[in-house]
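See structure below.
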Amino acid sequence: MQIQPILAALRRHRLAVFLIAMEIALACAILCNALFLVFNRIDMMRVRSGVDESRLVVVSLEGVDKGQAADLAARLRAGFAGIGGVESVGIGNAVPFTQRAGEMGFRLIADDMHYTQQGHFYVGDPQFASTLGITLASGRWFTPDEYGPMGDFLPRSPSALIDAAYARKLWPGQDPLGKSVYTGTSAYRVVGTYAALVRPDPDPQARHNTLLLAGIPGDGLASVYVLRTTPEQAARVWSEARALVARVAPTVVVDLPHSGTMQGLRSAYFAPDRAMAGLLLGVIAALLGITALGIVGLASFWVQQRRRQIGVRRALGATRGDILHYFQTENFLIVTGGIALGMTLAFGLNLALMHFYELPRLPLAYLPAGALALWLLGQLAVLGPALRAAAVPPVVATRSV
């Protein structure tokens with residue numbers, strides 16, 4: 001089929017073509033970015049925590065008195081360990097899917113004037129890592145003499161473990177064991193790496209930039225308790241743990257938003273992401289529906305206007321397939337023009353989202369995906385009007401000639 005007659009027909013309807021092309025361009029820009037955001041959120045919700053989520057119960061406390069922190073930690077540890085089904089109890093400063101407690105900038109070079117890196121420093125007692133179920137990737141765990149009391153913010157300890165993926169980013173192509181990180185006046189030598197430990201508040205830009213330090217329970221390390229049990233007993237253990245805190249330490253408050261089963265904490269943490277993904281999917285569906293209605297309306301209008309032209313073509317020997325292909329090709333050209341403009345708009349919209357909401361750059365793969373979706377939508381939307389046009393008998397269409 002020759003394209004020139006189709007282009008000539010489109011030039012006679014410039015305004016209608018412009019409007020539908022602009023609608024498709026806007027749909028392309030929004031569709032590409034919305035799909036990116038949806039898959040970005042879905043990917044985040046599937047983030048690997050690195051801990052045995054189904055077996056963990058977390059009890060976070062508020063109002064811990066500094067002077068009684070060590071005694072409180074000992075009493076609560078003993079009480080939690082006495083709950084039926086509890087296998088071990090660890091004490092730390094934070095756990096995944098809760099609030100940050102050890103976020104700090106640090107240096108990789110001792111005399112560097114700037115804190116060039118940013119990470120979350122988990123601090124835990126000797127049972128913390130094993131209770132969470134963290135897997136050692138290389139090196140070793142802390143030795144008993146490496147556990148130190150808390151300083152102003154971090155423990156006075158000589159050693160650190162680090163997430164294996166994060167270590168590869170900090171020292172690409174090098175063995176991280178023996179390397180040091182510097183923060184404030186403290187230096188921590190890396191003695192091991194663990195397979196994974198997600199940040200308390202993971203986001204697309206920083207998921208596993210975590211380090212683990214060795215601390216002694218007491219002032220600064222007496223507010224977060226992790227109980228290891230079985231998946232079947234987690235709910236019961238959580239209920240009994242809350243009751244025990246009320247008996248043993250009535251002056252402190254259980255921080256409910258950051259306490260519960262680890263699976264419940266994950267679900268609660270990603271609830272806004274699920275809501276956003278659902279909302280964006282609704283926007284995508286509505287956008288595609290409106291775009292399809294626009295294409296159907298324009299195609300139906302043109303079919304009605306061109307009944308005489310269709311009849312003449314049929315009388316001159318055009319088949320139903322020729323008429324169908326004519327409208328499909330015409331729609332393809334309009335949609336392609338809209339997509340070409342829409343790709344530019346998609347990048348512009350992504351730049352705005354990067355600037356105002358610190359979102360990552362839109363991957364190029366989403367552009368052909370959005371284009372393919374709109375091409376397919378355009379062909380499906382025009383199919384009904386095109387079939388009606390192809391079904392017009394020549395004698396009916398030419399009676400008014």
Side-chain angles (χ1 to χ4, degrees), residues 44 47 50 66 92-96 98-125 128-129 134 136-143 145-224 350-361:
M44 277 304 307
V47 66
K66 294 182 177 181
N93 66 336
V95 293
T98 57
Q99 57 186 349
R100 292 183 292 182
E103 188 74 13
M104 286 196 70
F106 62 92
R107 310 181 301 272
L108 299 180
I109 302 174
D111 57 357
D112 193 341
M113 297 295 294
H114 305 285
Y115 292 88
T116 56
Q117 305 296 330
Q118 185 79 12
H120 187 274
F121 288 77
Y122 281 103
V123 181
D125 71 345
F128 184 69
I134 301 173
L136 188 69
S138 66
R140 61 173 176 83
W141 293 113
F142 300 121
T143 58
D145 62 324
E146 289 177 315
Y147 287 87
M150 295 295 289
D152 294 334
F153 191 67
L154 298 178
R156 292 188 286 272
S157 170
S159 304
L161 281 91
I162 186 170
D163 183 280
Y166 191 40
R168 289 192 292 270
K169 292 182 180 179
L170 296 179
W171 300 286
Q174 303 179 50
D175 185 355
L177 301 183
K179 297 287 193 297
S180 294
V181 297
Y182 305 88
T183 177
T185 58
S186 301
Y188 299 97
R189 186 173 61 90
V190 177
V191 298
T193 65
Y194 44 82
L197 179 58
V198 75
R199 291 170 50 87
D201 57 341
D203 63 67
Q205 306 304 314
R207 303 187 186 192
H208 292 95
N209 56 339
T210 63
L211 301 95
L212 176 61
L213 305 181
I216 296 175
D219 182 17
L221 193 65
S223 297
V224 180
N350 178 246
L351 290 175
L353 293 173
M354 291 172 59
H355 177 73
F356 291 107
Y357 299 102
E358 299 183 357
L359 293 177
R361 183 177 297 277

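The analysis underlying the following values was restricted to heavy atoms, covering all of them including side chains, and did not include hydrogens, waters or symmetry mates. Note that the numbering runs from 1 along the sequence shown for the chain.
Among residue pairs with one or both ends in residues 104-124, none qualify as salt bridge (Lys or Arg N to Asp or Glu O under 4.0 Å); sequence neighbours excluded. For residues 168-182, no pair satisfies salt bridge (Lys or Arg N to Asp or Glu O under 4.0 Å), with sequence neighbours left out. Counting only residues at least two apart or on different chains, the ring pair (Phe, Tyr, Trp, His ring centres under 6.0 Å) pairs with a member in residues 147-175 are Phe142-Tyr147.
Here the side chains of Ser159 and Trp141 are not in contact, with every heavy-atom distance at 4.5 Å or above.
The two residues Gln99 and Ala94 come nearest to each other via the heavy atoms O-CB, 3.8 Å. Taking all atoms of both residues into account, the shortest heavy-atom contact from Ile216 to Pro149 is CD1-N, 3.9 Å. Between Ala196 and Ile134 the shortest heavy-atom distance is O-CG2, 4.3 Å. The two residues Gly92 and Leu221 have their closest heavy-atom pair at C-CD1, 3.4 Å. For Asp163 against Ala165, the heavy-atom pair with the smallest separation is OD1-N, 2.9 Å. Between Leu161 and Thr193, the closest heavy-atom pair is CD2-N, 4.4 Å.
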Just distance, no hydrogens or angles: give the donor-acceptor pairs under 3.5 Å from side chains in residues 206-214, sequence neighbours left out.
from   : atom 1 : to     : atom 2 : distance (Å)
Arg207 : NH1    : Asp43  : OD2    : 3.1
Arg207 : NH2    : Asp43  : OD2    : 2.4
His208 : NE2    : Arg48  : O      : 2.8
Asn209 : OD1    : Arg199 : NH1    : 3.3
Asn209 : ND2    : Gln118 : O      : 3.0
Thr210 : OG1    : Tyr194 : OH     : 2.9
Thr210 : OG1    : Leu197 : O      : 2.8

Donor-acceptor pairs under 3.5 angstrom involving side-chain atoms of residues 183-192: please list them, not counting sequence neighbours.
from   : atom 1 : to     : atom 2 : distance (Å)
Thr183 : OG1    : Gly105 : O      : 3.3
Tyr188 : OH     : Pro155 : O      : 2.8

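Under a 3.5 Å cut-off, the side chain of Ser157 and the backbone N or O of Gly148 do not form any donor-acceptor pair.
Take Asp125 and apply the side-chain hydrogen bond (donor to acceptor under 3.5 Å, both in side chains) test, not counting sequence neighbours, and it matches Arg77. By the side-chain hydrogen bond (donor to acceptor under 3.5 Å, both in side chains) test, Asp145 is found to be paired with Thr143, residues two or more places apart in sequence or in another chain being considered. With sequence neighbours left out, the ring-ring contact (aromatic ring centres under 6.0 Å, His included) criterion links Phe106 to Phe121. Under the rule for a side-chain contact (heavy atoms from CB on, under 4.5 Å), the partners of Arg361 that lie at least two apart in sequence or sit in another chain are Asn350, Leu351, Met354. Every residue two or more places apart in sequence or in another chain was checked for a side-chain hydrogen bond (donor to acceptor under 3.5 Å, both in side chains) with Thr98, and none qualifies. In this structure, the side-chain hydrogen bond (donor to acceptor under 3.5 Å, both in side chains) partners of Arg140, at least two apart in sequence or on a different chain, are Glu146.
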**OP:** Applying side chain to side chain contact (heavy atoms under 4.5 Å, CB included), run through Leu170 and Ile162 and close with a yes or a no.
**Re:** CA-CA 10 Å; Leu170 296 179; Ile162 186 170; 3.5 Å; yes
